Number of protein chains: 2
Amino acid sequence: MKRRLDKATRARLDAQARVMKALAHPTRLFIVEELSRGERCVCELTEMVGADISTVSKHLAQLRVVGLVQDEKRGTQVYYSLRCACALGFFNCIDEVLQSVARQHAEVINA
Amino acid sequence: MKRRLDKATRARLDAQARVMKALAHPTRLFIVEELSRGERCVCELTEMVGADISTVSKHLAQLRVVGLVQDEKRGTQVYYSLRCACALGFFNCIDEVLQSVARQHAEVINA
DNA sequence: TGGCTATTTGGCTAACCTGCCAAATATGAA
DNA sequence: TTCATATTTGGCAGGTTAGCCAAATAGCCA
């Protein structure tokens with residue numbers, strides 16, 4: 001019997017894709033990487049990223065709604081932290097892919 | 001000293017984000033998952049996905065350019081296969097995130 | 001060659017994303 | 001309360017993406 005993309009599978013994939021999409025932006029990857037070292041407030045991240053604070057705030061909101069990070073308000077500042085350390089595993093795999101591509105590229109050039 | 005998003009870091013993050021972006025679509029996640037069971041030709045995937053073949057072909061092209069899959073032409077058919085099995089690790093982490101969110105959701109509702 | 005099937009590419013529109021500014025909101029201090 | 005700082009939200013313009021159809025390309029076989 002043929003596998004097919006049924007409604008339930010589709011719903012699961014939609015949810016998974018939403019999480020992937022939240023990670024699919026250089027600034028948000030930077031934020032995740034930085035948060036893996038410890039919590040940071042919005043203004044710290046804003047300074048590091050070098051974009052408008054409203055832009056950074058929106059990136060953080062995207063990571064938050066999918067559950068990758070959590071926020072905690074202390075005084076006038078909001079501190080964000082990673083909720084799932086496993087997100088860092090992504091970097092390893094992605095780097096593996098990129099290195100594999102680089103190797104292949106080199107082969108083609110040397111061929 | 002403050003960490004900052006410098007030019008080199010930015011370039012690395014851009015490359016990583018390109019790979020993540022290729023994965024950030026339900027249809028493409030489905031394809032990756034299906035290819036983890038073995039190679040498939042475009043027409044097989046098209047039937048499973050249930051979209052236009054040109055749409056599926058474009059999704060496959062996106063996965064190919066970032067190095068996640070490779071293609072091999074045999075006769076009139078093109079067979080695609082996974083290039084990095086580690087991509088499957090993504091699913092585990094994403095599911096962990098989603099389950100964590102679901103748990104939190106339940107807590108809030110029961111509170 | 002011509003016809004058939006499999007796949008890719010071009011082109012189009014609708015929908016979505018990003019980043020900035022401005023305005024709103026929240027907290028703490030004077 | 002008023003001011004100042006930190007953050008979020010609304011809104012807009014420019015750029016990107018998705019999916020369909022039609023057309024082009026490639027391989028196989030008669």
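Chain letters run A, B, ... following the sequence lines, proteins first and then strands; every chain starts at 1. Computed from a prediction, not measured in an experiment: that's the story for all the values here. Only this structure's heavy atoms are used, side chains among them; waters, hydrogens and symmetry mates stay out.
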Backbone N/O of [Y] and side chain of [X]: donor-acceptor pair under 3.5 Å:
{"X": "B/Thr46", "Y": "B/Val42", "result": "yes"}
{"X": "B/Glu47", "Y": "B/Glu44", "result": "no"}
{"X": "B/Arg28", "Y": "B/Ala22", "result": "yes"}

Would you kindly give the CG-to-C1' distance between B/Leu45 and C/dA6, to the nearest whole Å?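 Answer to the nearest Å: 13 Å.
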For DNA chain D, what residues of residues 15-35 of chain A have any heavy atom nearer than 4.0 Å? none
Please list, in numerical order, the residues of residues 50-68 of chain B that have a heavy atom closer than 4.0 Å to any atom of DNA chain D. B/Ala51, B/Asp52, B/Ser54, B/Thr55, B/Lys58, B/His59, B/Gln62
Residue pairs, two or more places apart or on separate chains, that pass salt bridge (charged side-chain N to carboxylate O under 4.0 Å, His left out) and touch [range]:
{"range": "residues 13-22 of chain B", "result": "B/Arg10-B/Asp14"}
{"range": "residues 72-92 of chain B", "result": "B/Glu39-B/Arg74, B/Glu72-B/Arg74"}
{"range": "residues 56-65 of chain B", "result": "B/Arg64-B/Asp71"}

With sequence neighbours excluded, what pairs up with B/Ser54 under the side chain to side chain donor-acceptor pair (under 3.5 Å) test?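 By the side chain to side chain donor-acceptor pair (under 3.5 Å) rule, B/Ser54 matches B/Asp52.
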Partners passing salt bridge (Lys or Arg N to Asp or Glu O under 4.0 Å) against A/Glu96 (at least two apart in sequence or in another chain): none
Protein-to-nucleotide contact annotation, 5' to 3' order, nucleotides 24-30 of chain C [B base; S sugar-phosphate only; - none; under 4.0 Å, heavy atom]: --SBS--
Excluding sequence neighbours, so at least two apart, what forms side-chain contact (heavy atoms from CB on, under 4.5 Å) with B/Asp95? A/Gln16, B/Leu98, B/Gln99
By side-chain contact (heavy atoms from CB on, under 4.5 Å), which residues pair with B/Thr76, not counting sequence neighbours?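 Applying side-chain contact (heavy atoms from CB on, under 4.5 Å) to B/Thr76 gives none.
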Identify, with sequence neighbours excluded, every residue that meets disulfide bond (SG atoms under 2.5 Å apart) alongside A/Cys86. B/Cys93
Reading DNA chain D 5' to 3', which nucleotide is the first, and which the last, to come under 4.0 Å of any heavy atom in chain A?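 Nucleotide range in contact with chain A: D/dA6 to D/dG11.
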Heavy atoms under 4.0 Å, any strand shown: does B/Tyr79 hit a base, just sugar-phosphate, or nothing?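 Nothing, no heavy atom under 4.0 Å.
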Is there a chain of hydrophobic side chains (I, L, V, M, F, W, Y, each step under 4.5 Å between heavy atoms) that links A/Leu88 to A/Met48?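 Same cluster.
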Would you say B/Phe91 ends up clustered with A/Val32 if hydrophobic residues are merged whenever their side chains have heavy atoms under 4.5 Å apart, either directly or through other cluster members? yes
